[in-house]
Amino acid sequence: MDYLWSPWRKEYIMQNETPPGCIFCNALKKTDDENNLIVARGERAFVILNRFPYTSGHIMVVPFEHQPSFEDVAAPTRAEIMELITRCMQVLREIYNPDGFNIGANIGTVAGAGVADHTHFHVVPRWGGDTSFMSTLAGTRVLPESLEDTYQRLRQAWNRN
């Protein structure tokens, strides 16, 4: 029998307590480093690694504004979010050479939003044969690199251009 290990997922599975406040608003108050996982900040939005990614390179674009839905965010912020999503795709292509992307937002708890009160967009690189972004084997996904390595690669590529 073969075993796949992803012990870092245990933190997510065993998470019984959530810190007070919004995870994105809390992240904005911290510095941009490996512990906080913020890759870049714009004038109105920022790019942060997903702490529990579907694939290596799974990042999110989040407005500074704490709003539950994309239509509640100011028009200049919506425009910047789209530009940051485009930049994310460029950087991810440079680093990971994906065959495609899943890009989207889950608006509302019933739509699958894990953080329903602060809208955000997922940018997930995809490769042929990766079986989709959902776990296919007993809720386990094996990623080829650590979050720290992903963070370093993204920060370096982001800052090159």
Side-chain angles (χ1 to χ4, degrees), residues 8-9 11-96 98-127 130-135 139 141 143 146-148 150-155 157-159 161:
W8 61 273
R9 295 282 298 168
E11 177 185 343
Y12 177 74
I13 293 166
M14 301 301 292
Q15 191 174 16
N16 294 326
E17 293 181 26
T18 42
C22 169
I23 63 167
F24 297 128
C25 292
N26 291 345
L28 273 171
K29 296 172 189 170
K30 298 177 183 173
T31 59
D32 301 354
D33 59 23
E34 279 184 22
N35 294 324
N36 198 26
L37 303 178
I38 291 180
V39 175
R41 292 179 195 243
E43 291 180 26
R44 298 175 169 87
F46 65 103
V47 178
I48 188 169
L49 277 173
N50 188 313
R51 193 165 295 279
F52 304 102
Y54 296 138
T55 67
S56 291
H58 178 176
I59 51 183
M60 297 175 292
V61 178
V62 185
F64 294 165
E65 294 177 56
H66 183 92
Q67 295 292 342
S69 185
F70 191 55
E71 77 259 26
D72 298 327
V73 175
T77 303
R78 291 194 307 263
E80 182 176 288
I81 287 169
M82 296 312 292
E83 290 302 316
L84 285 172
I85 288 171
T86 301
R87 180 77 177 112
C88 289
M89 291 174 65
Q90 293 167 338
V91 168
L92 290 167
R93 281 191 201 281
E94 177 186 330
I95 297 171
Y96 293 104
D99 297 322
F101 294 92
N102 285 115
I103 297 172
N106 302 321
I107 307 296
T109 310
V110 297
V115 181
D117 59 340
H118 197 140
T119 192
H120 56 284
F121 281 80
H122 294 262
V123 181
V124 183
R126 300 290 308 282
W127 297 267
D130 69 5
T131 70
S132 89
F133 62 88
M134 300 303 288
S135 296
R141 175 161 305 281
L143 302 175
S146 70
L147 281 176
E148 294 80 13
T150 301
Y151 176 83
Q152 288 302 323
R153 292 178 74 187
L154 285 169
R155 282 287 291 199
W158 195 278
N159 292 329
N161 302 329

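For reference, positions follow the sequence shown, starting with 1. In this text, all values refer to a predicted model and were calculated from it rather than measured experimentally.
Annotation: the span from Ser56 atom OG to Ile95 atom CD1 amounts to 11.0 Å, rounded to 0.5 Å. Atom OG1 of Thr77 and atom CE of Met82 lie 13.5 Å apart (nearest 0.5 Å). Between atom CD of residue Glu83 and atom CZ of residue Arg87 there is a gap of 11.5 Å, rounded to the nearest 0.5 Å. How far CG of Leu28 is from CZ of Phe46: 4.0 Å, rounded to the nearest 0.5 Å. To the nearest 0.5 angstrom, His58 atom NE2 is 9.5 Å from Leu49 atom CG. Once rounded to the nearest 0.5 Å, the distance linking CZ of Phe121 with CZ of Phe70 reads 4.0 Å.
A distance-only check finds no donor-acceptor pair linking the side chain of Glu94 to the backbone of Ala157 [under 3.5 Å]. Side chain of Arg44 to main chain of Glu80: no donor-acceptor pair is present (N/O by atom type, distance under 3.5 Å, no hydrogens or angles). Judged by distance alone, with hydrogens and angles left aside, the side-chain atoms of Asp32 form no donor-acceptor pair with the main-chain N or O of Ile38 at under 3.5 Å. In this structure, the side chain of Asn36 does not engage the main chain of Ile48 through any donor-acceptor pair within 3.5 Å.
Across all their heavy atoms, Gly57 and Thr150 have their closest contact at N-CG2, 3.7 Å. A pairwise comparison of heavy atoms in Val73 and Glu65 identifies CG1-OE2, 3.6 Å as the closest pair. Closest approach of Val123 and Met89 over heavy atoms only: CG1-CG, 4.4 Å. Minimum interatomic distance between Phe64 and Gly42 (heavy atoms only, all atoms of both residues): CZ-O, 3.4 Å. The two residues Trp158 and Ala40 come nearest to each other via the heavy atoms NE1-CB, 3.1 Å. When all heavy atoms of Asn50 and Met60 are compared, the pair lying nearest together is CA-CE, 3.7 Å.
In this structure, the side chain to side chain contact (heavy atoms under 4.5 Å, CB included) partners of Thr109, at least two apart in sequence or on a different chain, are Ala116. Take Phe24 and apply the ring-ring contact (aromatic ring centres under 6.0 Å, His included) test, not counting sequence neighbours, and it matches His118, His120.
Both tests do not hold together for Arg93 against Phe101: distance to the six-membered ring centre under 6.0 Å, angle to the ring axis within 45°.
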Next item on the list: Start with the C-alpha distance between Leu92 and Leu154, add both sets of side-chain angles, then the distance that settles side-chain contact (heavy atoms from CB on, under 4.5 Å), and finish with yes or no.
Entry: CA-CA 8 Å; Leu92 290 167; Leu154 285 169; 3.7 Å; yes

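For the pair Asn102 and Tyr54, the minimum side-chain heavy-atom distance is 4.5 Å or more. Residues Thr119 and Asp72 form no side-chain contact, since every pair of their non-hydrogen atoms from C-beta on lies 4.5 Å or further apart.
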